[in-house]
Amino acid sequence: MLQRPLGRTGLSTSAIGLGTWNIGGQWGAVSDEQAIATIDAAIDAGVNLLDTADAYGEPCGRSEELVGRAIKGKRDRLIIATKVGNFGRRQGVALSYESPLHVELCCDASLRRMRIDIIDFYQCHIGNLADYSVFLEAFESLRKKGKIRFGGVSTNSLEAVKAFDRDGKCQIVQLDYSLLNRAPEKELLPYCMEQQIAVLVRGPLAQGVAAGKFSRESVFDDSVRKSWNDGPAHENLLKRIDTIDRIKSHFPGRNMAEVALQFVISHPAISAAIPGAKSPEQARANAAAGSAALHAAELKLIVGASL
C-alpha cells in the first residue's frame with residue numbers, strides 16, 4: 001500500500017482508506033457482523049484511515065458505533081476521521097449549530113459511540129457556510145481539551161474552504177472527486193496543495209458508477225440512489241455510464257474500480273481516497289488498488305476518453 005503525508009499534520013495515511021457510510025444501512029441492508037468484518041478486512045489489507053460521520057447510518061450514529069466495535073484493540077495504529085453538522089437532518093430535526101456548545105455536544109456523542117478518547121480529524125459536514133466561526137471556535141476548544149487533533153471541512157466549494165481556512169485553521173478538506181467529477185482540479189486541489197492541506201476524496205467510485213458495475217438497465221432500491229431510476233437523474237446516470245464505457249475500452253482486462261481509484265490517488269494533491277465497501281471482498285479489492293498510481297500515458301487516455 002502506498003503511503004501519503006496528510007498535509008502539514010505530520011501524520012501519514014494509506015493511499016486508500018475506508019469510508020463507512022455504506023455499512024450503516026442507507027445503501028442497503030448490512031448486518032453488524034458483515035459491517036465489522038468489512039472494517040476488519042480493510043485494516044488487515046493495510047488501510048489505516050477510517051472515515052465516518054455522526055449522521056451516517058440507520059439510525060443516525062450507527063456507522064460510528066460499528067467503527068467503535070471494529071477498532072477495539074486496534075486504535076493505536078489507526079487514523080479516525082468523523083464529521084459533524086448533519087445529525088438529524090434526514091429526519092427533519094437537525095441542530096441549529098448556533099453555538100459552539102452544539103458542536104462540542106456532538107463531539108462527545110461521537111467519542112462515546114466510537115468508544116475512543118480522541119478524534120484525529122474532525123470535519124464540519126456543512127459545505128456551504130460563508131462563516132464557520134461557530135465550528136472554528138468549537139474545534140479550537142475541543143483541541144485544547146484533547147478531544148480532537150485536527151479540524152477541517154467537507155465541501156467542494158473553494159469559497160467555503162477559504163472561509164474555514166482563515167488564520168490557517170483548516171488542516172483537512174474532504175471533497176468529491178472521481179473520473180466523472182474532475183471539477184476540483186481547476187481551483188480547489190491547487191489551493192489545497194499550495195496551503196499544504198490534507199485532501200480526502202469521497203466518492204472516488206462515483207457511488208459505484210465509475211467502477212463500471214452498472215448498465216443502462218440497472219435499477220436501484222437503496223435510499224441513497226433510488227432517485228436515479230427516472231427523470232433527469234436517470235438521464236445523467238446514462239451519460240455517466242457511457243463515459244465509463246469509453247474509458248473502459250482503453251483498459252481491456254482491467255478492473256474499472258481499480259483504475260478509478262488509481263486515477264484519484266495519482267493526483268499529487270490527494271492524501272487518500274476513501275471508497276466505501278459493504279463486504280470484506282470489496283474492502284480488500286479497494287485496498288489492493290492502493291499499491292500503485294497510474295502512469296502518465298494511462299492518465300492521458302482517461303482524459304481523452306472523458307471528453
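Only a predicted model underlies this, so the values are computations on that prediction, with no experimental measurement involved. In what follows, every heavy atom counts, from backbone to side chain, and hydrogens, waters and symmetry copies are set aside.
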Under 3.5 Å: donor-acceptor pair, side chain of Glu58, backbone of Gln26: no

Sorted by chain and number, sequence neighbours left out, ring pair (Phe, Tyr, Trp, His ring centres under 6.0 Å) with His102 holds for none

Would you check if Met114 and Ile119 make a side-chain contact, meaning some heavy-atom pair closer than 4.5 Å? yes

Take Lys169 and Glu140 through the salt bridge (charged side-chain N to carboxylate O under 4.0 Å, His left out) test and state the conclusion after the steps. CA-CA 9 Å; Lys169 293 299 177 84; Glu140 185 62 25; 3.7 Å; yes

Please tell me whether Phe263 and Ile270 are part of a single hydrophobic cluster in this structure, the criterion being side-chain heavy atoms less than 4.5 Å apart. yes

All N/O donor-acceptor pairs, side-chain side in residues 11-19, below 3.5 Å, sequence neighbours left out:
| from | atom 1 | to | atom 2 | distance (Å) |
| --- | --- | --- | --- | --- |
| Thr13 | OG1 | Asn48 | OD1 | 3.4 |
| Ser14 | OG | Ile16 | O | 2.8 |
| Ser14 | OG | Asn48 | N | 3.1 |
| Ser14 | OG | Asn48 | OD1 | 3.0 |

Going by the rule side-chain hydrogen bond (donor to acceptor under 3.5 Å, both in side chains), which residues pair with Ser31 if we only count those two or more places apart in sequence or in a different chain? none

Return yes if a side-chain donor-acceptor contact under 3.5 Å exists between Asn181 and Asp176, otherwise no. yes

Verify, without hydrogens or angle tests, whether Arg75 (side chain) and Leu78 (backbone) share a donor-acceptor contact under 3.5 angstrom. yes

Does the side chain of Pro275 come within less than 4.5 Å of Leu261's, by heavy atoms? yes

Nearest heavy-atom approach of Gln262 to Ser266 is O-OG, 2.5 Å

Check whether more than 12 heavy atoms from other residues, nucleotides or ligands sit under 6.0 Å from atom NZ of Lys74, and answer yes or no. yes

Return the set of residues passing side-chain hydrogen bond (donor to acceptor under 3.5 Å, both in side chains) with Asn236 (not counting sequence neighbours), or none when no residue passes. none

Keeping Arg4 on the side-chain end and Ile265 on the backbone end, is there a donor-acceptor pair under 3.5 Å? yes

So does Gln207 get a backbone contact from the side chain of Arg225, meaning a donor-acceptor N/O pair under 3.5 Å? yes

If you group Ile, Leu, Val, Met, Phe, Trp and Tyr by side-chain heavy-atom gaps below 4.5 Å, do Ile80 and Val201 land in one group? yes

Step by step, work out the side chain to side chain contact (heavy atoms under 4.5 Å, CB included) result for Gln282 and Thr38. CA-CA 8 Å; Gln282 282 184 325; Thr38 299; over 6 Å; no

Holding to salt bridge (Lys or Arg N to Asp or Glu O under 4.0 Å), I want the full list of residues that pass it with Arg202, two or more places apart in sequence or in another chain. none

Quick one: are Arg89 and Ile126 in side-chain contact, heavy atoms under 4.5 Å? yes

Which atom pairs, one a donor and one an acceptor, fall under 3.5 Å between side chains of residues 157-164 and the rest of the protein, sequence neighbours left out?
| from | atom 1 | to | atom 2 | distance (Å) |
| --- | --- | --- | --- | --- |
| Ser157 | OG | Glu159 | N | 3.3 |
| Ser157 | OG | Glu159 | OE1 | 3.4 |
| Ser157 | OG | Ala160 | N | 3.0 |

Does a side-chain heavy-atom distance below 4.5 Å link Arg115 with Arg112? no

Measuring centre to centre across the rings, with the benzene-like ring taken for any Trp, is Tyr122 within less than 6.0 Å of Phe139? yes

Taking Arg90 for the side chain and Asn86 for the main chain, is one N or O donor matched with an acceptor at less than 3.5 Å? no

Using the rule that Ile, Leu, Val, Met, Phe, Trp and Tyr join whenever any side-chain heavy atoms are under 4.5 Å apart, tell me whether Leu50 and Phe121 fall into a single cluster. no

Set out, in order, the CA-CA distance, both residues' side-chain angles and the distance that settles side chain to side chain contact (heavy atoms under 4.5 Å, CB included) for Asp165 and Gln195, then state yes or no. CA-CA 9 Å; Asp165 194 35; Gln195 302 301 317; 4.1 Å; yes

Between the main-chain N or O of Glu137 and the side-chain N or O of Tyr132, is there a donor-acceptor pair closer than 3.5 Å? no

Minimum side-chain heavy-atom gap Cys107-Val84 below 4.5 Å: no

Contacts of Trp21 meeting ring pair (Phe, Tyr, Trp, His ring centres under 6.0 Å) (sequence neighbours excluded), chain-then-number -> Trp27, Tyr56

side-chain hydrogen bond (donor to acceptor under 3.5 Å, both in side chains) assessment of Glu64 paired with Ser110: CA-CA 7 Å; Glu64 285 188 332; Ser110 290; 2.9 Å; yes

Using side chain to side chain contact (heavy atoms under 4.5 Å, CB included), reason through Lys83 and Gln174 one step at a time and then give a plain yes or no. CA-CA 10 Å; Lys83 296 180 281 295; Gln174 185 170 147; 3.7 Å; yes

How far apart are the C-alpha atoms of Ser133 and Arg166, what are their side-chain angles, what is the distance that settles it, and do they pass the side-chain hydrogen bond (donor to acceptor under 3.5 Å, both in side chains) test? CA-CA 10 Å; Ser133 296; Arg166 74 183 198 198; 2.9 Å; yes

Look only at the side chain of Ser271 and the backbone of Pro5, and say whether a donor-acceptor pair between them is shorter than 3.5 Å. yes

Sidechain-backbone polar pair: Gln123 side chain, Thr82 backbone, donor-acceptor under 3.5 Å: yes

Can you get from Leu2 to Ile79 by hopping between Ile, Leu, Val, Met, Phe, Trp and Tyr side chains that sit under 4.5 Å apart? no

For residues Leu188 and Leu175, determine if any side-chain heavy atom of one lies less than 4.5 Å from a side-chain heavy atom of the other. yes

Arg62 and its side-chain hydrogen bond (donor to acceptor under 3.5 Å, both in side chains) partner, picked from Thr20, Asp32, Thr52: Asp32

Output every pair passing salt bridge (Lys or Arg N to Asp or Glu O under 4.0 Å) with a member in residues 233-244, not counting sequence neighbours, ordered by first then second residue. Arg216-Asp242

Does some side-chain heavy atom of Val199 sit less than 4.5 Å from a side-chain heavy atom of His267? no

Would you mind listing every ring pair (Phe, Tyr, Trp, His ring centres under 6.0 Å) that reaches into residues 211-238, with sequence neighbours excluded? Phe214-Phe220, Phe220-Trp228

Just list the side-chain donor-acceptor pairs under 3.5 Å for residues 290-304, sequence neighbours left out, or say none.
| from | atom 1 | to | atom 2 | distance (Å) |
| --- | --- | --- | --- | --- |
| Ser291 | OG | Ala288 | O | 3.1 |
| Glu298 | OE1 | His295 | N | 2.8 |
| Glu298 | OE2 | Arg254 | NH1 | 3.3 |

Answer yes or no: is there a side-chain heavy-atom contact under 4.5 Å between Lys147 and Ile118? no

Could you pull out the closest heavy-atom pair between Ala211 and Met256, with the gap in Å? O-CB, 3.4 Å

Regarding Glu104 and Ser141, is there a side-chain donor-to-acceptor distance under 3.5 Å anywhere? yes

Supply the members, apart from Leu105, of the Ile/Leu/Val/Met/Phe/Trp/Tyr cluster built from side-chain contacts under 4.5 Å; use none for a lone residue. none

Test log, rule side chain to side chain contact (heavy atoms under 4.5 Å, CB included), inputs Tyr177 and Glu185: CA-CA 9 Å; Tyr177 175 59; Glu185 293 176 359; 2.5 Å; yes

Is the backbone N or O of Leu66 less than 3.5 Å from a side-chain atom of Arg113, with the two atoms forming a donor-acceptor pair by type? no

Distance-only, no hydrogens or angles: does the Asp222 side chain make a donor-acceptor pair with backbone N or O of Val224 under 3.5 Å? yes

Which residue pairs satisfy the ring pair (Phe, Tyr, Trp, His ring centres under 6.0 Å) criterion with at least one member in residues 73-100, sequence neighbours excluded? Tyr97-Phe135

With a 4.5 Å cut-off on side-chain heavy-atom distances among I, L, V, M, F, W and Y, is there a chain of contacts connecting Val47 to Ile274? no

